[in-house]
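Notes for the one structure printed next.
All residue numbers refer to positions in the sequence shown, counting from 1. Just so it is clear, the model here is predicted, and its values are computed rather than measured.
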Amino acid sequence: MENFRFYAPTYFAFGKGSEKSVGELVKRFGGSKVLLHFGGGSIKRNGVFDAVTASLKEYGIPYVELGGVLPNPRSGLVYEGIDLCRKEGIDFILAVGGGSTIDSAKAIAAGVPYEGDFWDYYSKGIPVTEALPVGTVLTIAAAGSEGSPDTVITHENGMLKRGGTGEALRPKFSVLNPEYTCTLPPYQTACGITDIMVHVIERYFTNTKDVEITDRLCEAVLQAMIEEAPKVIANLNDYEARANIMWSGMVAHNNIVGVGRAQDWASHNIEHELSALYDCAHGAGLAVICPAWMTYVYKHDVNRFAQFAVRVWHCDMNFANPEITALEGIARFRSFLKSIGMPLNFAELGAKEEDIPAMVKTMGLGEDGTIGGFVSLGNKDVDAIYRLAL
Ligand code: NZQ
Ligand code: ZN
(Lines give C-alpha, C1' and ligand atoms only; values in the text may rest on other atoms or scores of the structure.)
(Ligands and ions follow the chains in the order given, each with its own letter.)
Protein backbone atom coordinates (compact mmCIF):
# COMPACT_ATOMS: atom_id res chain seq x y z
CA MET A 1 0.00 0.00 0.00
CA GLU A 2 1.20 3.52 -0.78
CA ASN A 3 1.52 6.30 1.82
CA PHE A 4 -1.45 8.61 1.89
CA ARG A 5 -3.14 11.49 3.66
CA PHE A 6 -6.89 11.49 3.92
CA TYR A 7 -9.00 14.30 5.32
CA ALA A 8 -12.63 14.34 4.29
CA PRO A 9 -14.35 16.66 6.73
CA THR A 10 -17.87 16.86 5.23
CA TYR A 11 -20.67 16.66 7.82
CA PHE A 12 -23.49 14.37 6.69
CA ALA A 13 -27.14 14.45 7.70
CA PHE A 14 -28.79 11.35 6.22
CA GLY A 15 -32.37 10.09 6.12
CA LYS A 16 -36.00 11.10 6.24
CA GLY A 17 -36.52 14.69 7.36
CA SER A 18 -32.81 15.54 7.21
CA GLU A 19 -33.53 18.55 4.95
CA LYS A 20 -35.10 20.29 7.95
CA SER A 21 -31.59 20.73 9.38
CA VAL A 22 -30.35 22.87 6.46
CA GLY A 23 -30.79 26.23 8.20
CA GLU A 24 -29.05 24.99 11.33
CA LEU A 25 -26.17 23.58 9.28
CA VAL A 26 -25.65 26.75 7.23
CA LYS A 27 -25.41 28.68 10.52
CA ARG A 28 -23.09 26.12 12.08
CA PHE A 29 -20.68 26.47 9.14
CA GLY A 30 -20.69 30.26 9.23
CA GLY A 31 -23.16 31.23 6.48
CA SER A 32 -25.05 34.49 6.94
CA LYS A 33 -26.23 35.10 3.35
CA VAL A 34 -26.75 32.22 0.95
CA LEU A 35 -26.72 31.68 -2.80
CA LEU A 36 -29.39 29.01 -3.33
CA HIS A 37 -28.25 27.22 -6.48
CA PHE A 38 -30.35 24.66 -8.36
CA GLY A 39 -31.11 23.09 -11.73
CA GLY A 40 -34.05 22.97 -14.09
CA GLY A 41 -36.95 22.67 -11.69
CA SER A 42 -37.11 19.08 -10.33
CA ILE A 43 -36.60 20.47 -6.82
CA LYS A 44 -39.70 22.63 -7.16
CA ARG A 45 -41.80 19.69 -8.34
CA ASN A 46 -40.78 17.23 -5.62
CA GLY A 47 -41.00 19.55 -2.61
CA VAL A 48 -37.34 19.83 -1.65
CA PHE A 49 -37.19 23.52 -2.61
CA ASP A 50 -40.05 24.35 -0.23
CA ALA A 51 -38.51 22.30 2.58
CA VAL A 52 -35.08 23.92 2.21
CA THR A 53 -36.34 27.49 1.96
CA ALA A 54 -38.60 26.91 5.00
CA SER A 55 -35.57 25.82 6.99
CA LEU A 56 -33.51 28.83 5.88
CA LYS A 57 -36.38 31.13 6.88
CA GLU A 58 -36.74 29.40 10.24
CA TYR A 59 -33.10 30.24 11.00
CA GLY A 60 -33.40 33.79 9.64
CA ILE A 61 -30.92 33.24 6.82
CA PRO A 62 -31.44 35.46 3.75
CA TYR A 63 -30.90 33.85 0.37
CA VAL A 64 -30.62 34.79 -3.31
CA GLU A 65 -31.80 32.24 -5.88
CA LEU A 66 -29.85 31.16 -8.96
CA GLY A 67 -31.49 28.30 -10.86
CA GLY A 68 -31.01 26.93 -14.36
CA VAL A 69 -28.00 24.62 -13.98
CA LEU A 70 -28.00 22.24 -16.94
CA PRO A 71 -26.92 18.60 -16.76
CA ASN A 72 -23.27 18.78 -17.87
CA PRO A 73 -23.10 22.27 -16.28
CA ARG A 74 -21.85 25.21 -18.34
CA SER A 75 -19.43 28.05 -17.72
CA GLY A 76 -21.94 30.83 -18.54
CA LEU A 77 -24.00 30.32 -15.39
CA VAL A 78 -20.80 30.06 -13.33
CA TYR A 79 -19.69 33.54 -14.47
CA GLU A 80 -23.19 34.82 -13.68
CA GLY A 81 -23.07 33.23 -10.23
CA ILE A 82 -19.66 34.72 -9.43
CA ASP A 83 -20.90 38.23 -10.31
CA LEU A 84 -24.09 37.72 -8.32
CA CYS A 85 -22.24 36.54 -5.20
CA ARG A 86 -19.88 39.52 -5.31
CA LYS A 87 -22.70 41.99 -5.84
CA GLU A 88 -24.92 40.53 -3.11
CA GLY A 89 -22.20 39.88 -0.52
CA ILE A 90 -22.92 36.14 -0.42
CA ASP A 91 -20.78 34.15 2.02
CA PHE A 92 -22.18 30.60 1.60
CA ILE A 93 -23.34 28.58 -1.41
CA LEU A 94 -26.08 26.01 -1.00
CA ALA A 95 -26.45 23.58 -3.90
CA VAL A 96 -29.80 21.76 -4.04
CA GLY A 97 -29.83 19.10 -6.74
CA GLY A 98 -27.49 16.64 -8.42
CA GLY A 99 -23.83 16.51 -9.33
CA SER A 100 -24.27 19.20 -11.98
CA THR A 101 -25.71 21.71 -9.53
CA ILE A 102 -23.09 20.88 -6.90
CA ASP A 103 -20.27 21.17 -9.43
CA SER A 104 -21.58 24.53 -10.64
CA ALA A 105 -21.80 25.69 -7.01
CA LYS A 106 -18.18 24.62 -6.41
CA ALA A 107 -17.04 26.51 -9.51
CA ILE A 108 -18.78 29.68 -8.31
CA ALA A 109 -17.32 29.15 -4.82
CA ALA A 110 -13.81 28.92 -6.28
CA GLY A 111 -14.33 31.86 -8.62
CA VAL A 112 -15.60 34.44 -6.11
CA PRO A 113 -12.31 34.99 -4.19
CA TYR A 114 -10.12 34.41 -7.29
CA GLU A 115 -8.87 37.44 -9.23
CA GLY A 116 -8.35 35.58 -12.50
CA ASP A 117 -10.74 33.55 -14.66
CA PHE A 118 -12.29 30.65 -12.69
CA TRP A 119 -11.62 28.46 -15.76
CA ASP A 120 -7.88 28.52 -14.89
CA TYR A 121 -8.66 25.90 -12.25
CA TYR A 122 -10.06 23.61 -14.95
CA SER A 123 -7.78 24.33 -17.89
CA LYS A 124 -4.48 24.51 -15.98
CA GLY A 125 -5.16 21.97 -13.23
CA ILE A 126 -4.33 24.44 -10.43
CA PRO A 127 -5.68 23.04 -7.14
CA VAL A 128 -8.33 25.23 -5.50
CA THR A 129 -7.04 26.37 -2.11
CA GLU A 130 -9.51 29.17 -1.42
CA ALA A 131 -13.26 29.10 -1.95
CA LEU A 132 -16.53 30.17 -0.38
CA PRO A 133 -17.98 27.38 1.79
CA VAL A 134 -20.41 25.06 -0.01
CA GLY A 135 -23.23 22.95 1.46
CA THR A 136 -25.36 20.49 -0.51
CA VAL A 137 -28.82 18.96 -0.46
CA LEU A 138 -28.48 15.98 -2.77
CA THR A 139 -31.36 14.76 -4.95
CA ILE A 140 -29.67 12.08 -7.10
CA ALA A 141 -27.25 9.32 -6.16
CA ALA A 142 -24.55 9.39 -8.84
CA ALA A 143 -21.59 11.76 -9.11
CA GLY A 144 -20.50 11.69 -5.47
CA SER A 145 -19.80 15.43 -5.59
CA GLU A 146 -21.54 15.73 -2.20
CA GLY A 147 -18.41 14.30 -0.56
CA SER A 148 -15.69 14.93 -3.13
CA PRO A 149 -13.26 17.80 -3.73
CA ASP A 150 -13.99 17.62 -7.48
CA THR A 151 -16.05 19.64 -9.94
CA VAL A 152 -16.64 19.12 -13.67
CA ILE A 153 -17.69 22.02 -15.92
CA THR A 154 -18.17 22.40 -19.66
CA HIS A 155 -16.82 25.65 -21.14
CA GLU A 156 -19.15 26.94 -23.82
CA ASN A 157 -16.20 28.25 -25.77
CA GLY A 158 -15.29 25.00 -27.56
CA MET A 159 -17.56 22.80 -25.38
CA LEU A 160 -14.55 21.59 -23.41
CA LYS A 161 -15.55 19.42 -20.44
CA ARG A 162 -12.87 19.54 -17.76
CA GLY A 163 -12.42 18.69 -14.10
CA GLY A 164 -11.13 20.92 -11.32
CA THR A 165 -10.25 19.91 -7.78
CA GLY A 166 -9.10 21.20 -4.41
CA GLU A 167 -9.66 20.35 -0.78
CA ALA A 168 -11.25 23.79 -0.32
CA LEU A 169 -14.14 22.46 -2.43
CA ARG A 170 -15.18 19.58 -0.22
CA PRO A 171 -18.69 20.46 0.95
CA LYS A 172 -18.92 21.62 4.58
CA PHE A 173 -22.09 19.60 4.90
CA SER A 174 -24.31 17.41 2.75
CA VAL A 175 -27.93 16.56 3.46
CA LEU A 176 -29.07 13.26 1.97
CA ASN A 177 -32.74 12.30 2.14
CA PRO A 178 -33.29 9.23 -0.08
CA GLU A 179 -37.03 10.01 -0.30
CA TYR A 180 -36.26 12.87 -2.69
CA THR A 181 -34.50 10.52 -5.08
CA CYS A 182 -37.75 8.54 -5.60
CA THR A 183 -38.87 11.04 -8.27
CA LEU A 184 -35.92 10.08 -10.49
CA PRO A 185 -37.06 8.19 -13.59
CA PRO A 186 -35.62 4.69 -14.19
CA TYR A 187 -33.12 5.82 -16.84
CA GLN A 188 -31.62 8.58 -14.68
CA THR A 189 -31.57 6.21 -11.70
CA ALA A 190 -29.63 3.65 -13.76
CA CYS A 191 -27.22 6.31 -15.03
CA GLY A 192 -26.45 7.18 -11.41
CA ILE A 193 -25.89 3.54 -10.47
CA THR A 194 -23.51 3.15 -13.42
CA ASP A 195 -21.54 6.24 -12.42
CA ILE A 196 -21.24 4.95 -8.84
CA MET A 197 -19.94 1.58 -10.08
CA VAL A 198 -17.42 3.16 -12.44
CA HIS A 199 -16.10 5.42 -9.67
CA VAL A 200 -15.21 2.24 -7.84
CA ILE A 201 -13.85 0.52 -10.95
CA GLU A 202 -11.53 3.48 -11.67
CA ARG A 203 -9.96 2.78 -8.28
CA TYR A 204 -10.15 -1.01 -8.33
CA PHE A 205 -7.97 -1.47 -11.40
CA THR A 206 -4.59 -0.56 -9.99
CA ASN A 207 -0.97 -1.61 -10.24
CA THR A 208 -0.45 -1.11 -6.49
CA LYS A 209 0.11 -4.41 -4.72
CA ASP A 210 -1.20 -5.52 -1.32
CA VAL A 211 -4.30 -3.35 -1.10
CA GLU A 212 -6.64 -5.96 0.33
CA ILE A 213 -8.66 -3.58 2.51
CA THR A 214 -9.52 -1.15 -0.30
CA ASP A 215 -10.04 -4.04 -2.76
CA ARG A 216 -12.61 -5.49 -0.39
CA LEU A 217 -14.31 -2.13 0.18
CA CYS A 218 -14.55 -1.63 -3.60
CA GLU A 219 -16.01 -5.11 -4.04
CA ALA A 220 -18.56 -4.43 -1.29
CA VAL A 221 -19.84 -1.26 -2.97
CA LEU A 222 -20.07 -3.00 -6.36
CA GLN A 223 -21.96 -5.93 -4.87
CA ALA A 224 -24.34 -3.60 -3.06
CA MET A 225 -25.13 -1.96 -6.41
CA ILE A 226 -25.70 -5.34 -8.07
CA GLU A 227 -28.17 -6.24 -5.26
CA GLU A 228 -29.98 -2.91 -4.97
CA ALA A 229 -30.23 -1.81 -8.61
CA PRO A 230 -32.86 -4.34 -9.74
CA LYS A 231 -34.97 -3.58 -6.65
CA VAL A 232 -35.09 0.13 -7.35
CA ILE A 233 -35.65 -0.26 -11.08
CA ALA A 234 -38.61 -2.56 -10.30
CA ASN A 235 -39.98 -0.21 -7.65
CA LEU A 236 -38.84 3.41 -7.88
CA ASN A 237 -40.27 4.10 -4.42
CA ASP A 238 -38.23 1.41 -2.63
CA TYR A 239 -36.88 3.64 0.15
CA GLU A 240 -34.39 1.12 1.53
CA ALA A 241 -32.86 0.42 -1.88
CA ARG A 242 -32.73 4.18 -2.58
CA ALA A 243 -31.03 4.71 0.79
CA ASN A 244 -28.38 2.06 0.14
CA ILE A 245 -27.67 3.44 -3.32
CA MET A 246 -27.49 7.00 -2.04
CA TRP A 247 -24.88 6.26 0.60
CA SER A 248 -22.95 4.09 -1.88
CA GLY A 249 -22.67 7.12 -4.17
CA MET A 250 -20.88 9.01 -1.42
CA VAL A 251 -18.68 6.10 -0.34
CA ALA A 252 -17.70 5.37 -3.95
CA HIS A 253 -16.23 8.81 -4.53
CA ASN A 254 -15.03 10.55 -1.37
CA ASN A 255 -11.94 8.34 -1.83
CA ILE A 256 -12.23 6.15 1.26
CA VAL A 257 -12.14 3.15 -1.14
CA GLY A 258 -9.24 4.60 -3.16
CA VAL A 259 -6.60 5.70 -0.67
CA GLY A 260 -3.16 4.09 -0.75
CA ARG A 261 -3.44 2.87 -4.33
CA ALA A 262 -2.78 4.23 -7.81
CA GLN A 263 -6.03 4.88 -9.70
CA ASP A 264 -6.95 4.80 -13.38
CA TRP A 265 -9.60 7.37 -14.53
CA ALA A 266 -9.19 6.75 -18.27
CA SER A 267 -12.86 5.76 -18.71
CA HIS A 268 -13.99 9.04 -17.17
CA ASN A 269 -11.71 11.12 -19.37
CA ILE A 270 -12.79 9.24 -22.48
CA GLU A 271 -16.47 9.56 -21.51
CA HIS A 272 -16.31 13.30 -20.86
CA GLU A 273 -15.86 13.86 -24.61
CA LEU A 274 -19.14 12.04 -25.26
CA SER A 275 -21.17 14.04 -22.76
CA ALA A 276 -19.53 17.28 -23.94
CA LEU A 277 -20.36 16.57 -27.60
CA TYR A 278 -23.76 14.86 -27.36
CA ASP A 279 -24.96 16.23 -24.01
CA CYS A 280 -25.77 12.65 -22.93
CA ALA A 281 -25.96 11.63 -19.27
CA HIS A 282 -22.48 10.97 -17.89
CA GLY A 283 -23.51 7.54 -16.53
CA ALA A 284 -24.85 6.46 -19.92
CA GLY A 285 -21.59 7.47 -21.57
CA LEU A 286 -19.69 5.44 -18.98
CA ALA A 287 -21.83 2.36 -19.71
CA VAL A 288 -20.63 2.58 -23.31
CA ILE A 289 -16.98 3.33 -22.55
CA CYS A 290 -16.04 1.40 -19.43
CA PRO A 291 -16.66 -2.15 -20.75
CA ALA A 292 -14.85 -1.20 -23.98
CA TRP A 293 -11.91 0.08 -21.90
CA MET A 294 -11.91 -3.22 -19.98
CA THR A 295 -11.85 -5.23 -23.20
CA TYR A 296 -8.92 -3.14 -24.44
CA VAL A 297 -6.76 -3.35 -21.28
CA TYR A 298 -7.58 -6.64 -19.51
CA LYS A 299 -4.48 -8.41 -20.79
CA HIS A 300 -2.35 -5.97 -18.78
CA ASP A 301 -3.37 -7.86 -15.60
CA VAL A 302 -5.54 -10.88 -16.34
CA ASN A 303 -5.46 -12.01 -12.71
CA ARG A 304 -6.92 -8.73 -11.45
CA PHE A 305 -9.74 -8.99 -13.98
CA ALA A 306 -10.29 -12.62 -12.96
CA GLN A 307 -10.44 -11.49 -9.31
CA PHE A 308 -13.06 -8.89 -10.33
CA ALA A 309 -15.02 -11.65 -12.10
CA VAL A 310 -14.91 -14.10 -9.20
CA ARG A 311 -15.38 -11.77 -6.23
CA VAL A 312 -17.82 -9.26 -7.73
CA TRP A 313 -19.70 -11.30 -10.34
CA HIS A 314 -19.41 -14.76 -8.71
CA CYS A 315 -17.85 -16.33 -11.82
CA ASP A 316 -16.15 -19.70 -11.35
CA MET A 317 -12.38 -19.39 -11.50
CA ASN A 318 -10.85 -21.15 -14.47
CA PHE A 319 -7.40 -21.92 -13.03
CA ALA A 320 -6.21 -23.47 -16.27
CA ASN A 321 -7.14 -20.38 -18.25
CA PRO A 322 -7.81 -17.26 -16.10
CA GLU A 323 -8.37 -15.21 -19.26
CA ILE A 324 -11.69 -16.99 -19.75
CA THR A 325 -12.75 -15.94 -16.25
CA ALA A 326 -11.57 -12.38 -16.85
CA LEU A 327 -13.65 -12.13 -20.03
CA GLU A 328 -16.67 -13.64 -18.33
CA GLY A 329 -16.52 -10.91 -15.67
CA ILE A 330 -16.53 -8.21 -18.34
CA ALA A 331 -19.45 -9.94 -20.10
CA ARG A 332 -21.46 -10.09 -16.86
CA PHE A 333 -20.80 -6.41 -16.23
CA ARG A 334 -22.15 -5.63 -19.70
CA SER A 335 -25.25 -7.80 -19.17
CA PHE A 336 -25.90 -6.08 -15.86
CA LEU A 337 -25.72 -2.65 -17.47
CA LYS A 338 -28.09 -3.79 -20.21
CA SER A 339 -30.50 -5.23 -17.62
CA ILE A 340 -30.87 -1.82 -15.95
CA GLY A 341 -31.50 -0.11 -19.29
CA MET A 342 -28.12 1.38 -20.10
CA PRO A 343 -26.83 1.83 -23.66
CA LEU A 344 -23.83 -0.32 -24.52
CA ASN A 345 -22.57 1.19 -27.75
CA PHE A 346 -22.36 4.36 -29.83
CA ALA A 347 -25.54 3.56 -31.75
CA GLU A 348 -27.61 3.11 -28.59
CA LEU A 349 -26.18 6.33 -27.14
CA GLY A 350 -26.73 8.31 -30.35
CA ALA A 351 -22.99 8.89 -30.88
CA LYS A 352 -21.37 8.88 -34.32
CA GLU A 353 -18.29 7.09 -35.60
CA GLU A 354 -17.25 10.08 -37.71
CA ASP A 355 -16.85 12.21 -34.55
CA ILE A 356 -14.16 9.94 -33.07
CA PRO A 357 -11.13 11.83 -34.47
CA ALA A 358 -12.48 15.15 -33.15
CA MET A 359 -13.12 13.65 -29.71
CA VAL A 360 -9.61 12.19 -29.57
CA LYS A 361 -8.20 15.56 -30.58
CA THR A 362 -10.04 17.69 -28.01
CA MET A 363 -9.47 15.27 -25.15
CA GLY A 364 -7.39 16.71 -22.34
CA LEU A 365 -4.57 14.18 -22.20
CA GLY A 366 -2.09 14.56 -19.33
CA GLU A 367 1.16 16.54 -19.60
CA ASP A 368 2.94 13.49 -21.03
CA GLY A 369 0.23 13.03 -23.67
CA THR A 370 -1.36 10.02 -21.96
CA ILE A 371 -4.22 9.13 -19.60
CA GLY A 372 -4.81 6.17 -17.31
CA GLY A 373 -3.02 5.07 -14.17
CA PHE A 374 -3.57 1.33 -14.73
CA VAL A 375 -2.67 1.25 -18.39
CA SER A 376 -1.18 4.38 -19.90
CA LEU A 377 -3.12 5.31 -23.05
CA GLY A 378 -2.21 7.65 -25.88
CA ASN A 379 -4.29 8.99 -28.76
CA LYS A 380 -4.21 5.76 -30.74
CA ASP A 381 -5.40 3.72 -27.77
CA VAL A 382 -8.25 6.12 -27.05
CA ASP A 383 -9.26 5.98 -30.70
CA ALA A 384 -9.28 2.17 -30.51
CA ILE A 385 -11.42 2.19 -27.34
CA TYR A 386 -14.02 4.44 -28.99
CA ARG A 387 -14.09 2.01 -31.93
CA LEU A 388 -14.53 -0.99 -29.61
CA ALA A 389 -17.63 0.83 -28.31
CA LEU A 390 -19.22 1.31 -31.75
O1 NZQ B 1 -32.05 20.03 -13.40
P2 NZQ B 1 -33.12 19.30 -12.67
O3 NZQ B 1 -34.47 19.77 -12.99
O4 NZQ B 1 -32.86 19.24 -11.19
O5 NZQ B 1 -33.11 17.78 -13.23
C6 NZQ B 1 -32.02 16.88 -13.05
C7 NZQ B 1 -31.26 16.62 -14.34
O8 NZQ B 1 -32.09 16.77 -15.46
C9 NZQ B 1 -32.58 15.52 -12.73
N10 NZQ B 1 -32.83 15.27 -11.32
C11 NZQ B 1 -31.94 15.40 -10.30
N12 NZQ B 1 -32.52 15.02 -9.14
C13 NZQ B 1 -33.80 14.64 -9.46
C14 NZQ B 1 -33.99 14.82 -10.84
N15 NZQ B 1 -35.15 14.54 -11.45
C16 NZQ B 1 -36.17 14.07 -10.69
N17 NZQ B 1 -36.04 13.86 -9.36
C18 NZQ B 1 -34.88 14.13 -8.72
N19 NZQ B 1 -34.76 13.87 -7.41
O20 NZQ B 1 -31.58 14.61 -13.15
C21 NZQ B 1 -30.88 15.16 -14.25
C22 NZQ B 1 -29.38 14.94 -14.06
O23 NZQ B 1 -28.89 15.69 -12.98
P24 NZQ B 1 -27.31 15.86 -12.83
O25 NZQ B 1 -27.07 16.75 -11.66
O26 NZQ B 1 -26.72 16.25 -14.13
O27 NZQ B 1 -26.85 14.35 -12.50
P28 NZQ B 1 -25.55 13.76 -11.87
O29 NZQ B 1 -25.61 13.83 -10.39
O30 NZQ B 1 -25.36 12.45 -12.50
O31 NZQ B 1 -24.37 14.74 -12.30
C32 NZQ B 1 -23.70 14.60 -13.53
C33 NZQ B 1 -22.55 15.56 -13.62
O34 NZQ B 1 -21.56 15.29 -12.60
C35 NZQ B 1 -20.27 15.19 -13.21
C36 NZQ B 1 -20.61 14.61 -14.55
O37 NZQ B 1 -19.55 14.72 -15.47
C38 NZQ B 1 -21.83 15.41 -14.95
O39 NZQ B 1 -21.46 16.67 -15.47
N40 NZQ B 1 -19.38 14.44 -12.33
C41 NZQ B 1 -18.94 15.05 -11.22
C42 NZQ B 1 -18.08 14.45 -10.32
C43 NZQ B 1 -17.60 15.15 -9.10
N44 NZQ B 1 -17.86 16.43 -8.96
O45 NZQ B 1 -16.95 14.58 -8.22
C46 NZQ B 1 -17.58 13.09 -10.56
C47 NZQ B 1 -18.33 12.34 -11.59
O48 NZQ B 1 -17.48 11.39 -12.13
C49 NZQ B 1 -18.91 13.14 -12.71
O50 NZQ B 1 -17.93 13.33 -13.73
ZN1 ZN C 1 -18.41 9.77 -12.78
Side-chain angles (χ1 to χ4, degrees), residues 14-16 42 46 71 98-99 138-144 146 176-205 215-253 257 267 271 280-295 305-316 325-345 348-349 389:
F14 187 97
K16 292 178 184 175
S42 71
N46 68 10
L138 185 67
T139 62
I140 167 171
E146 67 277 14
L176 280 63
N177 179 348
E179 284 176 316
Y180 287 116
T181 66
C182 292
T183 51
L184 279 166
Y187 183 76
Q188 201 69 57
T189 302
C191 287
I193 289 165
T194 306
D195 193 17
I196 292 168
M197 293 179 84
V198 179
H199 289 163
V200 173
I201 286 167
E202 299 277 19
R203 294 170 165 100
Y204 191 73
F205 289 97
D215 268 5
R216 295 291 184 177
L217 289 171
C218 287
E219 290 155 5
V221 177
L222 291 170
Q223 285 188 306
M225 290 302 90
I226 294 164
E227 286 285 319
E228 301 304 309
K231 292 186 201 165
V232 82
I233 299 295
N235 174 11
L236 296 174
N237 291 313
D238 184 335
Y239 176 84
E240 297 302 339
R242 289 280 189 192
N244 277 283
I245 293 167
M246 197 167 202
W247 191 239
S248 298
M250 203 300 293
V251 172
H253 199 45
V257 304
S267 296
E271 188 292 315
C280 60
H282 167 63
L286 289 172
V288 171
I289 294 301
C290 187
W293 170 83
M294 288 180 163
T295 307
F305 272 91
Q307 176 180 305
F308 172 71
V310 171
R311 291 193 191 169
V312 177
W313 298 100
H314 304 302
C315 298
D316 291 331
T325 312
L327 288 170
E328 198 184 332
I330 299 169
R332 288 203 192 176
F333 179 39
R334 262 186 222 275
S335 309
F336 171 83
L337 293 171
K338 193 176 166 68
S339 75
I340 60 170
M342 285 290 90
L344 289 179
N345 53 47
E348 288 170 8
L349 190 71

CD1 of Ile196 to CD1 of Ile245: how many Å apart, nearest 0.5 Å? 7.0 Å

Can you sort out the partners of Tyr204 under side-chain hydrogen bond (donor to acceptor under 3.5 Å, both in side chains), two or more places apart, ordered by chain and number? Glu219, Gln307

Apply ring pair (Phe, Tyr, Trp, His ring centres under 6.0 Å) to Phe14 and list each qualifying residue two or more places apart in sequence or on a separate chain. Trp247

Mind checking what makes side-chain hydrogen bond (donor to acceptor under 3.5 Å, both in side chains) contact with Thr295, not counting sequence neighbours? Arg334

Would you please name every residue forming a side-chain hydrogen bond (donor to acceptor under 3.5 Å, both in side chains) with Lys231, sequence neighbours left out? Glu228

Which residues share a side chain to side chain contact (heavy atoms under 4.5 Å, CB included) with Pro71, sequence neighbours left out: Ser100

For a quick test of your reading: what N or O donor-acceptor pairs under 3.5 Å do the side chains of residues 338-345 make, sequence neighbours left out?
residue : atom : partner : partner atom : Å
Ser339  : OG   : Phe336  : O            : 2.6
Asn345  : OD1  : Ala347  : N            : 3.2
Asn345  : OD1  : Glu348  : N            : 2.8

Arg203: side-chain hydrogen bond (donor to acceptor under 3.5 Å, both in side chains) partners, not counting sequence neighbours: His253, Asn255

Do other residues, nucleotides or ligands put more than 12 heavy atoms under 6.0 Å from Glu227 CD? no

Testing Leu217, Leu222, Val312 one by one against Val200 for a side chain to side chain contact (heavy atoms under 4.5 Å, CB included), which residue passes? Leu222

Set of side chain to side chain contact (heavy atoms under 4.5 Å, CB included) partners for Thr325, sequence neighbours left out: Ala306, Ala309, Val310, Cys315, Met317, Asn318

With Asp316, which residues qualify under side chain to side chain contact (heavy atoms under 4.5 Å, CB included), at least two apart? none

Residues passing the ring pair (Phe, Tyr, Trp, His ring centres under 6.0 Å) test with Phe305, sequence neighbours excluded, are Phe205

Return the set of residues passing salt bridge (Lys or Arg N to Asp or Glu O under 4.0 Å) with Asp215 (not counting sequence neighbours), or none when no residue passes. Arg261, Arg304

Using side chain to side chain contact (heavy atoms under 4.5 Å, CB included) as the criterion, list what pairs up with Leu184, not counting sequence neighbours. Ile140, Thr181, Gln188, Thr189, Arg242

